[in-house]
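One structure below.
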4 protein chains.
Amino acid sequence: MNILFIGDVIGRTGRRALSDRLHRLVDEHQVDLVVANGENAAAGFGLTAPIAMELFDLGVDVITSGNHIWDKREVYDFLDREERVLRPANYPPGLPGRGAGIFTTSAGLKVGVINLEGRVFMNNLDCPFRAADGLIEELQQQTPIIFIDFHAEATSEKMALGHYLDGRVSAVICTHTHVQTADERVLSGGTAYMSDAGMTGSGDAVIGMRKEQAIEKFLNQVPVRFEVAKKDPVVCGILISVDEETGRALAVQRIQERAQL
Amino acid sequence: MNILFIGDVIGRTGRRALSDRLHRLVDEHQVDLVVANGENAAAGFGLTAPIAMELFDLGVDVITSGNHIWDKREVYDFLDREERVLRPANYPPGLPGRGAGIFTTSAGLKVGVINLEGRVFMNNLDCPFRAADGLIEELQQQTPIIFIDFHAEATSEKMALGHYLDGRVSAVICTHTHVQTADERVLSGGTAYMSDAGMTGSGDAVIGMRKEQAIEKFLNQVPVRFEVAKKDPVVCGILISVDEETGRALAVQRIQERAQL
Amino acid sequence: MNILFIGDVIGRTGRRALSDRLHRLVDEHQVDLVVANGENAAAGFGLTAPIAMELFDLGVDVITSGNHIWDKREVYDFLDREERVLRPANYPPGLPGRGAGIFTTSAGLKVGVINLEGRVFMNNLDCPFRAADGLIEELQQQTPIIFIDFHAEATSEKMALGHYLDGRVSAVICTHTHVQTADERVLSGGTAYMSDAGMTGSGDAVIGMRKEQAIEKFLNQVPVRFEVAKKDPVVCGILISVDEETGRALAVQRIQERAQL
Amino acid sequence: MNILFIGDVIGRTGRRALSDRLHRLVDEHQVDLVVANGENAAAGFGLTAPIAMELFDLGVDVITSGNHIWDKREVYDFLDREERVLRPANYPPGLPGRGAGIFTTSAGLKVGVINLEGRVFMNNLDCPFRAADGLIEELQQQTPIIFIDFHAEATSEKMALGHYLDGRVSAVICTHTHVQTADERVLSGGTAYMSDAGMTGSGDAVIGMRKEQAIEKFLNQVPVRFEVAKKDPVVCGILISVDEETGRALAVQRIQERAQL
Ligand SMILES: [Fe+2]
Ligand SMILES: [Fe+2]
Ligand SMILES: [Fe+2]
Ligand SMILES: [Fe+2]
Ligand SMILES: [Fe+2]
Ligand SMILES: [Fe+2]
Ligand SMILES: [Fe+2]
Ligand SMILES: [Fe+2]
């Protein structure tokens, strides 16, 4: 079976790029489940219920997220209600939403999806390694197919988690830097790994946002208002083929496509 | 003319991988100048004079570096003596070594090379954007061909510098994360750009170091001794074709090759 | 001559505390110049022109600041116009405002005031040590009396700057943590030093802000709206006696007074 | 009953200062239990078994610590063996040592001691707030008298924990910045609080280490070897009077004394 994962969708540019490419990608690669990171889908900062519904309408089955999911308070209730939206599991207990779930494809396959966030250069969260241990044990009781979106900054933390979980899950695919890495592979234990899936949004930008504003920020070191860039939209992600019986990844294919808006 | 840039060479594994592949790469692509980042060439931490000489013997013309160049005190004098080794230019005045130079290819072409370090999640240095402004102005008086190794962590800072310098230099190629990115391109102004050239060392590792040690570090959060990993050596880098008259980049080609040790 | 320095004034609570105590402090201690850090005077985040005028009306002669001075865009023009408001001098060139000035007391004494910001755990700025070197040289041409507000987080950076400048300025008094330290003293070279002057605002709070909100932030690790606390207002600062001829500090006295609102 | 807490003891200078003052302090203030932070007792970096025994011989009853406790591998076994040495409780499970204990005074009073570490600008640990909740519940089954050494950098995190635990423990006294704060008090719920107890070591230094080395570090931003300073030794800490029945703090007194070596 095939899982398509789409990296951080950035504002309207990202949603439009997805609208242009997603159906074709699903058809072409016989995709069974589409997971997309939506932490920047609402104007670059967070997610809202209407925008999540828009992503579902475009063909996304599960939305994962990261540090930006908390940007808009209005989404908190929605996180509690909508099981198809995940936020990193290793935030403190008591917060809205959930960090993992089991999703069933139209062919009836159960796929576990886990969302985690790194700690290096990021928030002060519970250990993602131990959080993964617990969640994998739970989900494995229902399915051998488990996909993880690890939202993290440092390549060392990402690669360490990939190797730590190698052989226990189908895929550890990372997000957050918004730049796609060229290290996609299947690790020796059968886990698909990639240090960053990249972002889905303007390619003529600084991590999806207007480049003049980013340059101004670095030159001046004072607060800057960031807006989503529009030019050269791209869709970035990764396609993972998984053995349905064992949950082992069989192959990976990096996705980086220009969209026509 | 063609510049080959090699990402952070990690310990003996990296040097041996380079020994296996570099001559072939130079021949195959008619390379005029080889620049390699050597900040991790000495057992993963820093550089020494003998190891720098070993890299020159292998065919490297210029060694750039980054935050780890200061790890071994014994290299400080050498930095003052050896013009072919650069350290980031935006460290405070008064430190050993230099951050930029002009190098002449065997065909007699002059190439300016600048080494800079980012500040986000890194050291407290002078502004790399303004440092670049000054150095480019200087080097441009001698040559339109200027290559920059920007050693930085955050993708936002890297991309911002790339766009900021677009049209003023031949290439802004970044290092430090040790994971090659898949975003190599020539920006609209004619500057080659890539968010990370990747590393040259063991591919079955965590950023070139032994994976069990890295996992232990993240699990326990206490000091760990890191050693260079040995398996699956790879050479990562980028090949840049530059118009000799204008200094504009004409094409880029990502390099990621397995080595035989 | 006597300089009274008042630590970060936090919102209306801080301004009202100052209104209650400042005149008495000035009278009691025969203060010649009042310097106050105003980076949090506007509802805890930044400064505005009307609030700066309010502080001047209360008896403040010079307002220094820190990282929060840039919070409100509307103050930028004012920073250019109003010489009595300083922002850290080691921000990049080209930003509004200035980081140092000479101020004349009613007795006709000239006092140089310098505002600097630390880099450890803070913004990516120019080196405060070297910035201090240059500004001191300038100001010393007009007066031996120089007061520095060093707005910084790490005690190591603060104490290092104090010792670095010992004998060259009248005082290095630090701010930013909002907690007064008990290490006020005159260093061996004649420079008054204190690792933090403390804040002027609610003492029944977390660094001047409502304590329930701060606790929520640490428990949940998601964005929280912070509001200025109101109970138990205090005025914190330090009184420095300076030899007018030599600029050397003669004595220091820590100020921590409860206000009646 | 009276608890004397001594802030971070820095190398031999700190141990000698303690040797000079501790007995007098204990006698003068009728101290029932002496707790001292020993994370820097071994040449400024970590602790060893012989040095811990030296501190016990000087009259210390319980040694707490912080991030530096892990600096010397040789202490790990000792942490497992010696119940009187604590390390922060919120490190990952499985590490050597323990983070809390019950200690009995010569008068037969039981005192719970908890050691925690902050996360802001520090290591990626488990939540100290939730860790405190669990440990307090345990210790309260044996005694109402509970002392906490919260080893942390940010004043906001320290004050938030103090208020969070107010009324549940006898004291939240913080360490790590090595600079004593002037905010010691008994909070409204009966918990003694202080943002930093300060350090015990050379007062003519940068947080206890040689000042020229610290200045060099900030000027050059490259690795520096730090050595313990020797001049002007001081003992810093806090004396807390606790109601034996309720565990509420009755009074606090800041301790800052010069030692004669
Ligand atoms: Fe994102
Ligand atoms: Fe993110
Ligand atoms: Fe490196
Ligand atoms: Fe590096
Ligand atoms: Fe402040
Ligand atoms: Fe501040
Ligand atoms: Fe310490
Ligand atoms: Fe510490």
Side-chain angles (χ1 to χ4, degrees), chain A residues 118-122 127-130 133 153-166 174 176-185 187-188 194-199 203-221 226 231-232 234 236 254-256, chain B residues 118-122 127-130 133 153-166 174 176-185 187-188 194-199 203-221 226 231-232 234 236 254-256:
Chain A
R119 300 196 289 185
V120 178
F121 309 134
M122 298 193 72
C127 174
F129 290 67
R130 286 186 279 140
D133 287 340
E153 169 71 28
T155 48
S156 56
E157 193 176 18
K158 296 174 180 194
M159 297 182 85
L161 188 75
H163 286 297
Y164 179 66
L165 299 181
D166 184 23
C174 306
H176 178 65
T177 73
H178 293 196
V179 172
Q180 192 176 60
T181 57
D183 66 342
E184 75 284 0
R185 77 190 89 167
L187 300 175
S188 57
M194 187 186 206
S195 289
D196 212 291
M199 60 105 221
D204 186 28
V206 170
I207 60 170
M209 310 306 277
R210 286 181 51 197
K211 55 192 179 186
E212 320 81 52
Q213 294 171 335
I215 289 170
E216 188 195 333
K217 173 71 198 174
F218 286 106
L219 287 177
N220 290 344
Q221 300 292 329
F226 288 107
K231 280 173 62 182
D232 295 349
V234 292
C236 285
R254 182 155 30 94
I255 304 292
Q256 185 179 140
Chain B
R119 302 195 289 186
V120 178
F121 309 135
M122 298 193 73
C127 175
F129 290 66
R130 285 186 279 140
D133 287 340
E153 169 72 28
T155 49
S156 55
E157 193 176 18
K158 295 174 180 194
M159 297 182 86
L161 188 75
H163 286 298
Y164 180 65
L165 299 181
D166 183 22
C174 306
H176 177 65
T177 74
H178 293 196
V179 173
Q180 191 176 60
T181 56
D183 66 340
E184 75 283 359
R185 78 190 89 168
L187 300 176
S188 57
M194 187 186 205
S195 289
D196 211 289
M199 60 105 220
D204 187 30
V206 170
I207 59 169
M209 309 307 278
R210 286 182 50 198
K211 55 193 179 187
E212 321 79 55
Q213 294 170 334
I215 289 170
E216 188 196 332
K217 172 70 198 174
F218 286 106
L219 287 178
N220 289 346
Q221 300 293 330
F226 289 107
K231 281 175 59 181
D232 295 349
V234 292
C236 286
R254 184 157 25 95
I255 304 292
Q256 186 178 136

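In this text the structure is predicted, and so the values were computed from the model without any measurement. Side chains are part of it too, since the values below use all heavy atoms of this structure and drop only hydrogens, waters and symmetry mates. Each chain gets a letter, A, B and so on, in the order the sequences are listed, and its residues count up from 1.
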Heavy-atom pairs under 4.5 Å with chain A: which of [options] has the most?
{"options": "B:Glu216, B:Gln256, B:Arg130, B:Arg254", "value": "B:Arg254"}
{"options": "B:Gly162, B:Cys127, B:Cys236, B:Ala182", "value": "B:Ala182"}
{"options": "B:Arg185, B:Arg119, B:His163", "value": "B:His163"}

**Message:** Once you measure the plane-to-plane angle for A:Phe121 and B:Phe121, does it fall in the parallel (<30°), tilted (30-60°) or perpendicular (>60°) bin?
**Reply:**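 The rings of A:Phe121 and B:Phe121 lie parallel, inter-plane angle below 30°.
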Most chain B-contacting option - heavy-atom pairs closer than 4.5 Å, from [options]:
{"options": "A:Asp183, A:Val179, A:Val234", "answer": "A:Val179"}
{"options": "A:Gly208, A:Ser156, A:Gly203", "answer": "A:Ser156"}
{"options": "A:Leu219, A:Leu161, A:Leu187, A:Asp196", "answer": "A:Leu219"}

Considering only heavy atoms, which portion of A:Glu153 lies under 4.5 Å from any heavy atom of chain B: side chain, backbone, both, or neither?
->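 Looking at A:Glu153, backbone and side chain both touch chain B.
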Would you please name every residue forming a salt bridge (charged side-chain N to carboxylate O under 4.0 Å, His left out) with A:Lys211, sequence neighbours left out?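 With sequence neighbours excluded, A:Lys211 shows a salt bridge (charged side-chain N to carboxylate O under 4.0 Å, His left out) to A:Asp204, given in chain and number order.
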Quiz item: Looking at A:Thr177 and A:Lys158, what are the two nearest heavy atoms and their distance?
Solution: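 Looks like CG2-NZ, 3.4 Å.
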Closest heavy-atom pair and its distance - B:Glu157, B:Val120: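 The pair with the smallest heavy-atom distance is OE1-N, 3.1 Å.
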B:Ser195 versus chain A, the contacting section by heavy-atom distance below 4.5 Å =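 The side chain, not the backbone.
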pair B:Thr181-A:Gln180: side-chain heavy atoms closer than 4.5 Å |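 No, every pair of side-chain atoms sits at 4.5 Å or beyond.
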Before giving the answer on side chain to side chain contact (heavy atoms under 4.5 Å, CB included), spell out for B:His176 and B:Met122 the whole-Å C-alpha distance, their side-chain angles and the decisive distance to 0.1 Å. CA-CA 10 Å; B:His176 177 65; B:Met122 298 193 73; 3.6 Å; yes
